[in-house]
Amino acid sequence: MSRIAGRFTRVESRPRARKSVLGLLSDLPRKNCWAIAEWAGERTPDGMQHLLGRAKWDADQVRDEVGDYVVEHLHDEAVLVVDETGDVKKGTDTVGVQRQYTGTAGRIENAQVAVYLVYAGRRGHAAVDRELYVPRSWTSDPGRCRAVGLGDNTEFVTKPELAARMVTRFLDACHRAAWVVGDEVYGGSPRLRTALEERGTGYVLAVACSHEVPTGAGRFRADMLARKVPKRARQKLSAGAGAKGHRFYDWAVIDLTDPRPGSRQLLIRRNRSTGERAYYRCYSPAAVPLTTLVRVAGSRWRVEEFFQSGKGLAALDEHQVRRYPSWSRWVTLAMLAHAFLAVLRANEHEGHPSPDELIPLTCDEIQRLFTALVNRTVFDPVHQLRWSVWRRRHQARSQTSHYRRQAAQA
């Protein structure tokens, strides 16, 4: 908190911001201004609402501090992951809300959608930037934009363009990342791919099966090329460890033709059980082995983990605000709260290796201990620590049993 204190113009806003972040890290069943204000011992929610709506501080400056903090502690062969998430909302007055598809619900719902940039290293992952997706139904109505704190001249920007904006901002801040990954929404954008290539930043971006790519024999759909790949050209490789062990797939790569400098490929992933395929457009300034492309492609799952833990542990989606400034402030503080857990987890793993009979500390367990011991919500910290050890030992045994079954089947 001392790191971001200077971003608050008024000194009295700093302790309230601290209380807000502690509230986001608490074990409250529902986290909004009212609940956090009551938990913090304030008489009314007015102070917390003032912090989000009218207090003088720049959420973008705090966002930059969060990015610096994450890079400083999690730097290790990092990959930038772009993806969007939706928060289901009621009514039509909340900024950016309209009926649109959201993966959170798995269908078209009345929702607010935001695009996030996640910094994923070997030591951990956390969000370093965010942009709210403002649909055309809003940008075509200046009065509506004005009412929620957006400028009268707010222009429509696609999700891939928001992603390019965040990646550019991150790299312009003198941070380094060799790769960018994303799903089909971003892989299908020529503008995003071109913007990354012009900066010399590699990418592994998913594309649809109907996506056409250039080869020496002409342009072909990705699925047509995949059917021509002989069985012997596939390699069984892991896309990284998941909750149930390593994620093994069959992989193949096809070189693409392009007069511009750099190496370009179509990466093909095949599910070993179902035969289902996925396709990726790849670029790197210099040729890289297949194992590198597979490792980078596997990093995309980190953003799903961030959405799950960011919402579950830091209330990323529990904001009950209508105006854009309040939204940007809430999600920025939530990103800071989650980054704190991710950094603490990384430092604990590096400095204090877990005994063989315990799984490493997770963000969930760190939040539980932090709430109990630092926020002092229990009277017997020894009891809480014993339960923590029991949970980790139990999970380690379950994990070991699963790995043994997996090895026996292999």
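Worth saying up front: this structure is predicted, and the values here are computed from it rather than measured.
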Original post:
Are any side-chain N or O atoms of Trp251 and backbone N or O atoms of Gln235, one a donor and one an acceptor, separated by less than 3.5 Å?
Top reply: no
Subject >> Glu109/Arg107 ion pair, N-O < 4.0 Å >> reply: yes
**OP:** Output the distance between atom CZ (Arg264) and atom SG (Cys282), rounded to the nearest 0.5 Å.
**Re:** 11.5 Å
Subject >> Working for side chain to side chain contact (heavy atoms under 4.5 Å, CB included), residues Arg144 and Thr92 >> reply: CA-CA 10 Å; Arg144 195 181 184 193; Thr92 58; 3.9 Å; yes
Original post:
Should the heavy atoms of other residues, nucleotides or ligands under 6.0 Å from CD of Glu38 be counted, would the total exceed 12?
Top reply: no
Original post:
Side chains of Thr94 and Gln112: is there a donor and an acceptor less than 3.5 Å apart?
Top reply: no
**OP:** Verify, without hydrogens or angle tests, whether Thr9 (side chain) and Lys56 (backbone) share a donor-acceptor contact under 3.5 angstrom.
**Re:** yes
Original post:
Among Leu256, Val204, Leu267, which one satisfies side chain to side chain contact (heavy atoms under 4.5 Å, CB included) with Arg281?
Top reply: Leu256
**OP:** Might you work through the side chain to side chain contact (heavy atoms under 4.5 Å, CB included) test for Phe307 and Val118, ending with a clear yes or no?
**Re:** CA-CA 10 Å; Phe307 289 145; Val118 171; 5.7 Å; no
**OP:** Mark yes or no for whether Glu318, through its side chain, and Arg30, through its backbone, hold a donor-acceptor pair below 3.5 Å.
**Re:** no
Subject >> Arg3 vs Glu72, salt bridge (charged side-chain N to carboxylate O under 4.0 Å, His left out): CA-CA, chis, key distance, verdict >> reply: CA-CA 13 Å; Arg3 186 175 191 131; Glu72 179 181 326; 2.9 Å; yes
Subject >> Donor-acceptor contact present, side-chain Arg269 to main-chain Glu276, <3.5 Å >> reply: no
**OP:** Taking the side chain as every heavy atom from C-beta outward, state whether Tyr119 and His75 have any pair of such atoms under 4.5 Å apart.
**Re:** yes
**OP:** Find the distance between CG (Asp223) and CD (Glu212) and round it off to the nearest 0.5 Å.
**Re:** 10.0 Å
**OP:** Determine yes or no for a side-chain-to-main-chain donor-acceptor pair under 3.5 angstrom, with Asn110 supplying the side chain and Gly91 the backbone.
**Re:** yes
**OP:** Assess whether atom CZ of Arg43 is packed by more than 12 heavy atoms of other residues, nucleotides or ligands within 6.0 Å.
**Re:** no
Original post:
Just by modelled atom types, is the Val97 backbone N or O under 3.5 Å from a matching donor or acceptor in the Trp138 side chain?
Top reply: yes
Original post:
Just how far is it from atom CG of Leu313 to atom SG of Cys363, taken to the nearest 0.5 Å?
Top reply: 6.5 Å
Original post:
Per the side chain to side chain contact (heavy atoms under 4.5 Å, CB included) rule, which among Ser326, Ser20, Cys33 passes with Leu51?
Top reply: Ser20
Subject >> salt bridge (charged side-chain N to carboxylate O under 4.0 Å, His left out) between Glu131 and Arg169, worked out >> reply: CA-CA 12 Å; Glu131 286 281 355; Arg169 191 157 52 215; 2.8 Å; yes
Subject >> Over 12 non-hydrogen atoms of neighbours within 6.0 angstrom of CG in Asp172 >> reply: yes
Subject >> Gap separating the CD atom of Glu365 from the CG atom of Leu358, nearest 0.5 angstrom >> reply: 10.0 Å
Subject >> Chi angles and distances behind the side chain to side chain contact (heavy atoms under 4.5 Å, CB included) call for Thr215, Leu225 >> reply: CA-CA 10 Å; Thr215 69; Leu225 284 177; 3.8 Å; yes
Subject >> Short side-chain to backbone donor-acceptor contact, Trp327 and His319, under 3.5 Å >> reply: no
Original post:
Do we get Arg136 above Phe156's six-membered ring, with its NZ or CZ under 6.0 Å from the centre and within 45° of the axis?
Top reply: yes
Original post:
Measuring from Asp129:CG to Asp64:CG, what's the distance to the nearest 0.5 Å?
Top reply: 7.5 Å
Original post:
How close do Leu52 and Arg329 get, heavy atom to heavy atom, and via which atoms?
Top reply: O-CD, 3.2 Å
Original post:
Is Arg7 positioned over the aromatic face of Trp57, cation under 6.0 angstrom from the ring centre and no more than 45 degrees off axis?
Top reply: no
Original post:
Leu369 versus Leu361: any side-chain heavy-atom pair under 4.5 Å?
Top reply: yes
Subject >> Spatial distance of atom OG (Ser263) from atom CG (Leu293) [nearest 0.5 Å] >> reply: 8.0 Å
Subject >> Identified salt bridge (charged side-chain N to carboxylate O under 4.0 Å, His left out) counterpart of Asp250 within the set Arg232, Arg272, Arg277 >> reply: Arg272
Original post:
In this structure, are over 12 heavy atoms from other groups packed under 6.0 Å from Gln308 atom CD?
Top reply: no
**OP:** Enumerate the residue pairs fulfilling ring-ring contact (aromatic ring centres under 6.0 Å, His included) with a member in residues 256-306, sequence neighbours excluded, ordered by first and then second residue.
**Re:** Tyr116-Phe306, Tyr203-Tyr283, Phe306-His338
Subject >> Distance-only donor-acceptor check, side chains Thr362 and Arg345, under 3.5 Å >> reply: no
Original post:
Within the distance-only criterion (no hydrogens, no angle test), does the side chain of Thr102 pair as donor or acceptor with the backbone N or O of Val88 below 3.5 angstrom?
Top reply: no
Original post:
Between Lys311 and Thr85, do the side chains contain an N or O donor and an N or O acceptor separated by less than 3.5 Å?
Top reply: yes
Subject >> Heavy-atom neighbours of Arg199 CZ exceed 12 at 6.0 Å >> reply: yes
Original post:
Between Arg130 and Asp60, is there a side-chain N and carboxylate O pair less than 4.0 Å apart?
Top reply: yes
Original post:
Under the side chain to side chain contact (heavy atoms under 4.5 Å, CB included) criterion, do Phe340 and Gln367 qualify, and how do the steps go?
Top reply: CA-CA 10 Å; Phe340 165 75; Gln367 189 219 30; over 6 Å; no
Original post:
Under 3.5 Å, is there a donor-acceptor pair between the side chain of Thr332 and the main chain of Ser328?
Top reply: yes
Original post:
CD of Glu155: more than 12 outside heavy atoms within 6.0 angstrom?
Top reply: no
Subject >> Thr104 (side chain) donor-acceptor with Gly86 (main chain) under 3.5 angstrom >> reply: yes
Original post:
Is there a donor-acceptor contact under 3.5 Å linking the side chains of Thr194 and Glu197?
Top reply: no
**OP:** On the 0 to 90° scale, with breaks at 30° and 60°, tag the His246-Phe248 ring pair as parallel, tilted or perpendicular.
**Re:** tilted
Original post:
Under a 4.5 Å cut-off applied to non-hydrogen side-chain atoms, are Glu161 and Arg191 in contact?
Top reply: yes
